[in-house]
Amino acid sequence: MGEVCDLAMRLPLSFYNRPALTVARELLGKVLVHDAPNGRRAGCIVETEAYVGEHDLACHASKGRTKRTEVLFGPPGRAYVYFIYGMYYCLNVVTEPEGIAAAVLLRALEPLGGVPPGLFTNGPGKLCRAMEVSLAHNREDLRGKRLFIEDAPQIPKSRIERGPRVGVEYSGPWAQRPYRFWIRGNRFVSAPRRSTRNT
DNA sequence: CTATTGATGGTC
DNA sequence: ACCATCAATAGG
């Protein structure tokens with residue numbers, strides 16, 4: 001059996017060329033693949049966050065066009081990787097037509113293969129570490145050779161939960177908007193949830 | 001269980 | 001000075 005289907009399975013440009021909120025919801029269940037030097041690593045996307053444009057005060061693009069945010073203004077379907085807190089990378093998917101600076105942050109994966117034992121994928125920083133994603137992937141086309149997202153059956157809305165984004169308290173009213181999406185009950189969703197109240 | 005803090009460096 | 005994080009620590 002060959003791998004003739006590989007290219008066909010990648011999500012098409014039209015998937016990314018839509019509102020960030022739509023892409024964030026529909027990315028759940030899709031498969032992130034990195035053909036790293038040491039081998040293929042893959043995981044099912046189980047948690048995302050939408051950053052909807054320059055007017056979104058939590059979006060990096062709200063600072064305007066800079067060297068760092070330039071990629072957000074570019075064509076959809078590319079990777080936006082940034083370095084944060086001196087030691088972590090975060091991976092985003094650029095969405096919406098060129099000129100509109102929106103993106104979806106990948107926050108958690110359910111490991112499917114190639115992820116070394118002891119590495120976790122429940123959180124944006126850990127996800128990049130486990131998948132070996134770094135600044136080297138910034139601006140890369142996500143329908144490319146080594147880093148891509150494969151199509152998979154859509155997760156029904158009844159199995160999707162949403163809530164406020166994590167770590168953006170500085171953005172005022174935007175902090176409360178329910179732009180974070182995750183698969184209900186999935187054990188690989190990142191931890192920071194407040195009401196762990198049992199009854 | 002909750003709350004706080006240190007690590008560590010790019011960005012503006 | 002701030003930060004789309006995380007692990008470790010201290011306290012109840």
Side-chain angles (χ1 to χ4, degrees), chain A residues 16 19-25 27-28 32 43 45-74 76 78-96 100-111 115-140 142 147 149 161-183 186-199:
Chain A
Y16 301 105
L21 284 165
T22 305
V23 176
R25 196 178 60 236
L27 271 176
L28 297 177
L32 177 68
I45 298 168
V46 300
E47 181 185 351
T48 61
E49 277 176 4
Y51 290 84
V52 301
E54 288 176 89
H55 57 294
D56 175 0
L57 295 183
C59 183
H60 289 170
S62 66
K63 302 263 205 277
R65 232 181 240 261
T66 67
K67 181 157 194 181
R68 182 209 211 187
T69 63
E70 182 66 29
V71 60
L72 290 170
F73 292 84
R78 310 259 265 247
Y80 165 46
V81 182
Y82 64 89
F83 185 57
I84 189 72
Y85 295 120
M87 47 177 105
Y88 298 104
Y89 301 102
C90 292
L91 171 63
N92 296 252
V93 171
V94 176
T95 71
E96 309 206 25
I100 299 183
V104 174
L105 171 67
L106 304 187
R107 287 195 56 90
L109 304 177
E110 176 169 345
V115 178
L119 289 188
F120 297 93
T121 52
N122 59 331
K126 286 184 277 185
L127 181 158
C128 283
R129 209 176 35 183
M131 293 292 289
E132 290 193 305
V133 168
S134 72
L135 274 190
H137 305 278
N138 193 28
R139 297 164 179 267
E140 210 164 277
L142 286 169
L147 186 64
I149 301 178
E161 268 184 297
R162 62 188 293 182
R165 295 172 291 189
V166 175
V168 295
E169 325 311 341
Y170 61 88
S171 63
W174 290 91
Q176 305 162 23
R177 299 229 182 176
Y179 289 175
R180 174 182 178 220
F181 299 85
W182 65 92
I183 298 179
N186 187 284
R187 66 188 178 103
F188 297 97
V189 168
S190 71
R193 223 161 344 202
R194 201 140 273 240
S195 58
T196 320
R197 204 156 302 209
N198 293 328
T199 29

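Note that these values count all heavy atoms, side chains included, but never hydrogens, waters or copies made by symmetry. Order of the sequence lines fixes the chain letters, A, B, ..., with proteins taken first and strands second; residue numbering starts at 1 for each chain.
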Phosphate OP1/OP2 of C/dA4 contacted by A/Y85 side-chain N/O (<4.0 Å): no
Below 4.0 Å: OP1/OP2 of C/dA7 and any side-chain N or O of A/K126: yes
Distance-only donor-acceptor check, side chains A/Y80 and A/H60, under 3.5 Å: yes
Nearest-Å distance for atom pair NZ/P, residues A/K63 and C/dA1: 16 Å
Face-to-face stacking of A/Y82 with C/dA4, centres under 5.5 angstrom, angle under 30°: no
Watson-Crick or G-U counterpart of C/dA4, or none if no pair lies under 3.5 Å: none
Selection from C/dT5, B/dT8, B/dC12 that lies nearest to any side-chain heavy atom of A/T69: B/dC12
Protein-nucleotide distance (A/Y179, atom OH; C/dA4, atom P), rounded to Å: 17 Å
Euclidean distance, atom OH of residue A/Y88 to atom P of C/dT5 [Å, nearest integer]: 11 Å
Sugar-phosphate only, base, or nothing, as touched by A/G125 at under 4.0 Å among non-hydrogen atoms: sugar-phosphate
Separation of C/dA4 P from A/L91 CG (nearest whole Å): 16 Å
A/Y89 OH - C/dC3 C1' separation (whole Å): 16 Å
A/R180 side-chain N/O to C/dA4 phosphate OP1/OP2 under 4.0 Å: no
Between C/dA1 (C1') and A/E169 (CD): distance, integer Å: 18 Å
Contact summary for A/P19 and A/T95, nearest pair of heavy atoms: C-OG1, 4.5 Å
